[in-house]
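Some notes on the structure that comes next.
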Amino acid sequence: MAGLYLHIPFCKQACHYCDFHFSTSLGLKSRLVEAIFREIELRRDYLGAGVALETIYFGGGTPSLLTADELAQIFAAIHHHFAVSPQAEITLEANPDDLSAAKLRELAGAGINRLSIGLQSFYEPHLRMMNRAHTAEESTTAVRRAQDAGFENISIDLIYGVPAPGHHIWEADLANAFALGVPHVSAYALTIEPGTAFGHRLQKGTFKPAPDEFVATQFEMLLAAMRVHGYTQYEISNFCQPGRESRHNANYWRGVPYLGLGPSAHSYDGQNRQFTLANNPQYVAAVLERGEVPVTLDQLSATDRANEYLLTTLRTARGCDLAHLRTHHGLDLPATRAAYLAELQASGWATIQNEVLTLTDAGKLLADHITLELFQTTDLNTD
């Protein structure tokens with residue numbers, strides 16, 4: 001199994017919470033797409049010979065800004081240089097305002113079989129607060145239009161923890177999401193990152209985030225509502241109807257190798273990671289003028305790999321297999337952190353069954369803290 005991720009770093013406007021790499025200037029778009037064609041050729045051997053792509057994911061940025069011709073050229077290059085499984089999951093992230101009936105026909109014709117639609121909210125004032133390019137009406141219309149166009153495998157994004165006088169807006173957002181009947185929902189707490197519009201306003205004292213208790217309550221509401229409506233929380237931020245998880249994202253958490261294309265994209269070959277330069281003009285110049293991909297290699301130590309396994313698996317419903325961690329990564333948590341593991345269980349934050357450590361609902365609220373506490377800080381002996 002292997003995956004392909006393509007980062008399309010362009011947006012119509014900057015959302016006030018987003019710290020991903022993107023540009024609102026589209027002048028370089030055609031050249032950057034051309035560079036991605038070239039990068040596909042330059043990095044065709046990264047995943048190894050004969051490996052079939054099981055997932056392809058267009059992320060961003062806003063990949064729905066790609067034209068039909070650009071998508072067709074990208075897919076032609078992918079199929080020329082890679083084997084693609086006939087059952088491959090091919091996802092494209094889209095903004096609701098891009099999903100006209102004509103656009104949906106183009107996407108279906110290009111081979112996209114899964115849409116991830118960034119709704120974020122059904123409440124107009126919150127969309128304006130976050131500087132989203134679409135309206136609340138378009139949130140619903142885009143999904144219905146995609147369903148009418150034959151897209152059944154749809155995920156929607158929601159954001160909770162947006163400052164508000166109470167929880168009724170979040171309750172309504174959840175009700176509207178369930179009414180759409182999509183098989184997958186990704187829900188993220190609003191985070192205030194440095195360098196974003198919200199981050200600058202926070203520094204100036206003109207933006208006040210919701211209190212932690214408010215955010216925690218909305219997370220608990222999310223979990224309860226998802227259970228009632230038959231969705232499984234297979235990762236802290238991801239919920240699906242039975243059997244409808246995102247195969248691409250699930251593979252990240254399982255340590256499956258993947259190749260990332262485009263500026264700021266990450267790649268993983270099963271042992272080490274690579275990070276592509278997050279600069280559009282420099283990326284284009286390197287690839288098209290010098291025939292090289294500007295990547296930085298991150299060589300993972302045994303300790304890094306053990307900590308990554310902890311980080312990814314603790315976020316999932318599958319949990320962290322302590323026996324696997326011991327035999328494959330050399331980290332024996334029951335031996336070295338017995339007291340803390342006992343504290344987690346006594347506090348109701350985690351369970352251990354058949355040597356699998358799994359966070360409870362209460363523990364998921366503290367997932368980052370718990371993971372950092374369990375991280376190995378000294379070099380592991382791999383002899």
So for atom [atom1], which belongs to [X], do other residues, nucleotides or ligands contribute more than 12 heavy atoms lying within a distance under 6.0 Å?
X: E220; atom1: CD; answer: yes
X: E292; atom1: CD; answer: yes
X: H80; atom1: NE2; answer: no
X: N354; atom1: CG; answer: no
X: R38; atom1: CZ; answer: yes

Without swapping roles, check the side chain of [X] against the backbone of [Y] for a donor-acceptor pair under 3.5 Å.
X: S121; Y: D173; answer: no
X: S23; Y: S25; answer: yes
X: N113; Y: I90; answer: yes
X: R227; Y: A224; answer: no
X: T196; Y: D19; answer: no
X: E39; Y: V287; answer: no
X: R43; Y: L259; answer: no
X: S267; Y: G260; answer: yes
X: T316; Y: T313; answer: yes
X: H16; Y: M129; answer: yes

Find out whether [X] and [Y] are in side-chain contact, i.e. whether some heavy atom of one side chain is under 4.5 Å from a heavy atom of the other.
X: H184; Y: N238; value: yes
X: L357; Y: L374; value: yes
X: L331; Y: L310; value: yes
X: L107; Y: L99; value: yes
X: P209; Y: L190; value: no
X: L6; Y: P63; value: no
X: T141; Y: P96; value: no
X: L119; Y: N176; value: no

Discussion item. Over 60° means perpendicular and under 30° means parallel, so tell me whether F275 and H266 are parallel, tilted or perpendicular.
Written reply: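 The rings of F275 and H266 stand perpendicular, inter-plane angle above 60°.
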Practice prompt. Mind telling me whether F75 and H79 have parallel, tilted or perpendicular rings, with 30° and 60° as the class edges?
Written response: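 H79 and F75: tilted rings.
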ILVMFWY cluster, [X] and [Y] together (side-chain gap under 4.5 Å):
X: L174; Y: Y123; value: no
X: V256; Y: W253; value: no
X: L115; Y: Y5; value: no
X: F20; Y: I8; value: no
X: V162; Y: F219; value: no

Kindly compute the distance separating [atom1] ([X]) from [atom2] ([Y]), expressed to the nearest 0.5 Å.
X: S116; Y: N153; atom1: OG; atom2: CG; result: 10.5 Å
X: L65; Y: F58; atom1: CG; atom2: CZ; result: 13.5 Å
X: T191; Y: E193; atom1: OG1; atom2: CD; result: 4.0 Å
X: Y234; Y: F239; atom1: OH; atom2: CZ; result: 10.0 Å
X: H7; Y: I36; atom1: NE2; atom2: CD1; result: 9.0 Å
X: L92; Y: R114; atom1: CG; atom2: CZ; result: 11.0 Å

Mind listing the closest non-hydrogen atom pair of [X] and [Y] along with its distance?
X: L380; Y: A302; result: CD1-O, 3.7 Å
X: A210; Y: P163; result: N-CG, 3.8 Å
X: P334; Y: L322; result: CG-CD1, 4.0 Å
X: L26; Y: C11; result: CD2-O, 4.3 Å
X: L127; Y: S139; result: CD1-OG, 4.3 Å
X: L47; Y: L53; result: CD1-CD2, 3.8 Å

Pair [X]-[Y], side-chain donor/acceptor within less than 3.5 Å:
X: T378; Y: Q376; result: yes
X: R305; Y: Q271; result: yes
X: D368; Y: T371; result: no

Discussion item. side-chain hydrogen bond (donor to acceptor under 3.5 Å, both in side chains), that's the test. Do E89 and Y57 meet it? Break it down for me.
Written reply: CA-CA 8 Å; E89 174 193 86; Y57 195 103; over 6 Å; no
Discussion item. One pair to check against side-chain contact (heavy atoms from CB on, under 4.5 Å): Q13 and N131. What are the steps and the verdict?
Written reply: CA-CA 8 Å; Q13 61 191 50; N131 201 39; 3.4 Å; yes
Worksheet item: Can you check whether F178 and Y231 have ring centres sitting under 6.0 Å from each other?
Response: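 Yes, ring centres under 6.0 Å apart.
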Discussion item. Suppose we call two aromatic rings close when their centres sit under 6.0 Å apart. Are F198 and F207 close by that rule?
Written reply: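 Yes: the rings meet the under 6.0 Å criterion.
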Worksheet entry | Positive for side chain to side chain donor-acceptor pair (under 3.5 Å) with N95, one of Q120, R132, E138 |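 With N95 as partner, Q120, R132, E138 yield a single side chain to side chain donor-acceptor pair (under 3.5 Å), made by R132.
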Worksheet entry | Residue among H81, E70, Q73 satisfying side-chain contact (heavy atoms from CB on, under 4.5 Å) with F37 |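 Among the candidates, only Q73 passes.
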Practice prompt. Go through the steps for I74 and L66 under the test side-chain contact (heavy atoms from CB on, under 4.5 Å), then give the verdict.
Written response: CA-CA 10 Å; I74 290 173; L66 292 173; 4.2 Å; yes
Fill in: side-chain contact (heavy atoms from CB on, under 4.5 Å) evaluation trace for L359 with W349
CA-CA 6 Å; L359 297 182; W349 295 338; 5.7 Å; no
Worksheet item: For F122 and L158, what are the C-alpha separation, side-chain angles and deciding distance, and is it a side-chain contact (heavy atoms from CB on, under 4.5 Å)?
Response: CA-CA 9 Å; F122 298 88; L158 297 175; 4.0 Å; yes
Worksheet entry | Option passing salt bridge (charged side-chain N to carboxylate O under 4.0 Å, His left out) with R254 (candidates E235, E54, E308, E245) |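 Going through E235, E54, E308, E245 one by one, the salt bridge (charged side-chain N to carboxylate O under 4.0 Å, His left out) with R254 is satisfied by E245 alone.
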Worksheet entry | Test applied, salt bridge (charged side-chain N to carboxylate O under 4.0 Å, His left out); reference residue, D98; option that passes from K103, R145, K12 |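 Passing option: K12.
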Item to complete: Please lay out, stage by stage, how Q274 and Y46 fare under the test side-chain hydrogen bond (donor to acceptor under 3.5 Å, both in side chains).
Response: CA-CA 11 Å; Q274 289 185 358; Y46 179 82; 4.9 Å; no
